[in-house]
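Numbers here are sequence positions counted from 1. Small disclaimer: the values here were computed from a predicted structure and weren't measured.
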Amino acid sequence: MTEYLNIIPGDEPHNDKVLAHCAGIIKGGGLVAFPTETVYGLGANVFDEKALLRIYEAKGRPCDNPLIVHIASVNELAVCVSALSESARLLMEAFWPGPLTMIFPKGPSIPLAATGKRGTVAVRCPAHPIARRLIQAAGTPVAAPSANISGRPSPTGADHVKQDLDGRVDAVLDGGPCPVGIESTIIDMTGEPRLLRPGFITKSTVENVLKHGISQSPATLDTPEAPGMRYAHYAPLAELIIVDGSAGKTVEYINNMCRESGLGAEKLGVFASDETADLYKNARVISAGSRAQPETIARSLFGALRRFDLWGAARVYSEAFYDTELGLSVMNRLEKASGYNIVKL
Ligand code: TXA
Ligand code: MG
């Protein structure tokens, strides 16, 4: 049985009680899904190996795919890592708390079950107040992958967690929708800094802080550095096709394909932008928001993929959002979700 608990904005006595209850579940070896600014995480005490194994089981996650360790303050970093570079210090100062995960040589007390048997550990200090209060109350760093079934779109609302993990976890803490909507930026800090997963904190912002360029691992499914990137990801049940071209050509192409598909409008979806959403015919359209505000596109992406599934779409066309740096982070997820099914016009 999964318990569902709500954060009520402004009702602090209630929230304190709920957070203490969830912290108690984590201390007792249980699993709690909780909101972060990026996506919902599925948390357990990082030092409890049995609880870590339950995370893998609940998600159906391959056991060589390591977890991110979440801390509430930089003081907790010492127990997690065995070395800290000057560059890492700079990035921590600039971006923590926030949507940045860094990979370090692991501290001896971090179980190998949390790191996919690697000698390195991923650590993040989230900015979301509920996440921070929960970790603090639990009194331990909290290992937390995204709170979805492995391979499904990441959860940006408590309802998404329920769709995937009902009955598989002890509690779901509903703190509303996640403001960022895509997972944290991951940078490997064990050698020369290297971008493993792009996110809301972009490559150029990181480079501005470090005052030099950093490398980026190619966004293919077989990148060895972040094992999670190897597996099929975010896949909706529908066939997903990205259409990359000018606005006019994209609308024309998608309308033609929908008309010729032989599928009814209720089986066809389009993930569009505000600028073009009204131009599509013969399909159910979800607008990601305006291209002038790529943050709204990031925020709506995973929820939209899940909504198309709930609608029973057989095929979904998506506009491409390569035009901004945050758009590139969105496209990193969309490309994977589509299995690199991209039409260039
Ligand atoms: O925003 C986020 O990062 C969210 C929230 C909950 O914090 N968490 C999240 O976790 O996205 P997850 O498990 O879905 O993705 C973690 C990624 C995986 O691709 C994993 O392979 C990589 O981080 N990772 C974890 N530890 C690593 C390590 N030691 N070396 C390389 N990659 C690592
Ligand atoms: Mg994930």
Hey, can you pull the donor-acceptor pairs under 3.5 Å for the side chains in residues 80-97, sequence neighbours left out?
from, atom 1, to, atom 2, distance (Å)
S82, OG, K106, O, 3.2
S85, OG, A88, N, 3.1
W96, NE1, L100, O, 2.8

Please report, to 0.1 Å, the donor-acceptor pairs under 3.5 Å made by any side chain of residues 317-327, with sequence neighbours excluded.
from, atom 1, to, atom 2, distance (Å)
Y317, OH, R315, NH1, 3.1
E319, OE1, S273, N, 3.2
E319, OE1, S273, OG, 2.8
E319, OE1, T276, OG1, 3.4
E319, OE1, R291, NH2, 3.0
E319, OE2, T276, OG1, 2.4
E319, OE2, Y280, OH, 2.6
Y322, OH, E335, OE2, 2.6
D323, OD2, R291, NH1, 3.2
T324, OG1, G327, N, 2.8
E325, OE1, T202, OG1, 3.0
E325, OE1, S204, OG, 2.5
E325, OE2, K203, N, 3.4
E325, OE2, S204, N, 3.0
E325, OE2, S204, OG, 3.4

Sequence neighbours excluded, which residues qualify as side chain to side chain donor-acceptor pair (under 3.5 Å) partners of N208? none
side-chain contact (heavy atoms from CB on, under 4.5 Å) partners of A137, counting only residues at least two apart: A23
Under 4.5 Å side-chain heavy-atom separation, chaining through any Ile, Leu, Val, Met, Phe, Trp or Tyr, what else clusters with L310? Say none if it is isolated. none
Please enumerate all residues that pass side-chain contact (heavy atoms from CB on, under 4.5 Å) together with N15, with sequence neighbours excluded. I7, I8, E12, R133
Please list, chain by chain and in numerical order, all residues satisfying side chain to side chain donor-acceptor pair (under 3.5 Å) with N148, sequence neighbours excluded. K59, S146
Apply side-chain contact (heavy atoms from CB on, under 4.5 Å) to A147 and list each qualifying residue two or more places apart in sequence or on a separate chain. A33, Y40, L42, P155, V161, L165
Please name all residues satisfying side chain to side chain donor-acceptor pair (under 3.5 Å) with N341, sequence neighbours left out, ordered by chain then number. none
Could you pull out all residues at least two apart from R333 that satisfy side chain to side chain donor-acceptor pair (under 3.5 Å)? E183
Holding to side-chain contact (heavy atoms from CB on, under 4.5 Å), I want the full list of residues that pass it with S109, two or more places apart in sequence or in another chain. F47, V79
side-chain hydrogen bond (donor to acceptor under 3.5 Å, both in side chains) contacts touching residues 244-262 (sequence neighbours left out): D244-K344, N256-R259
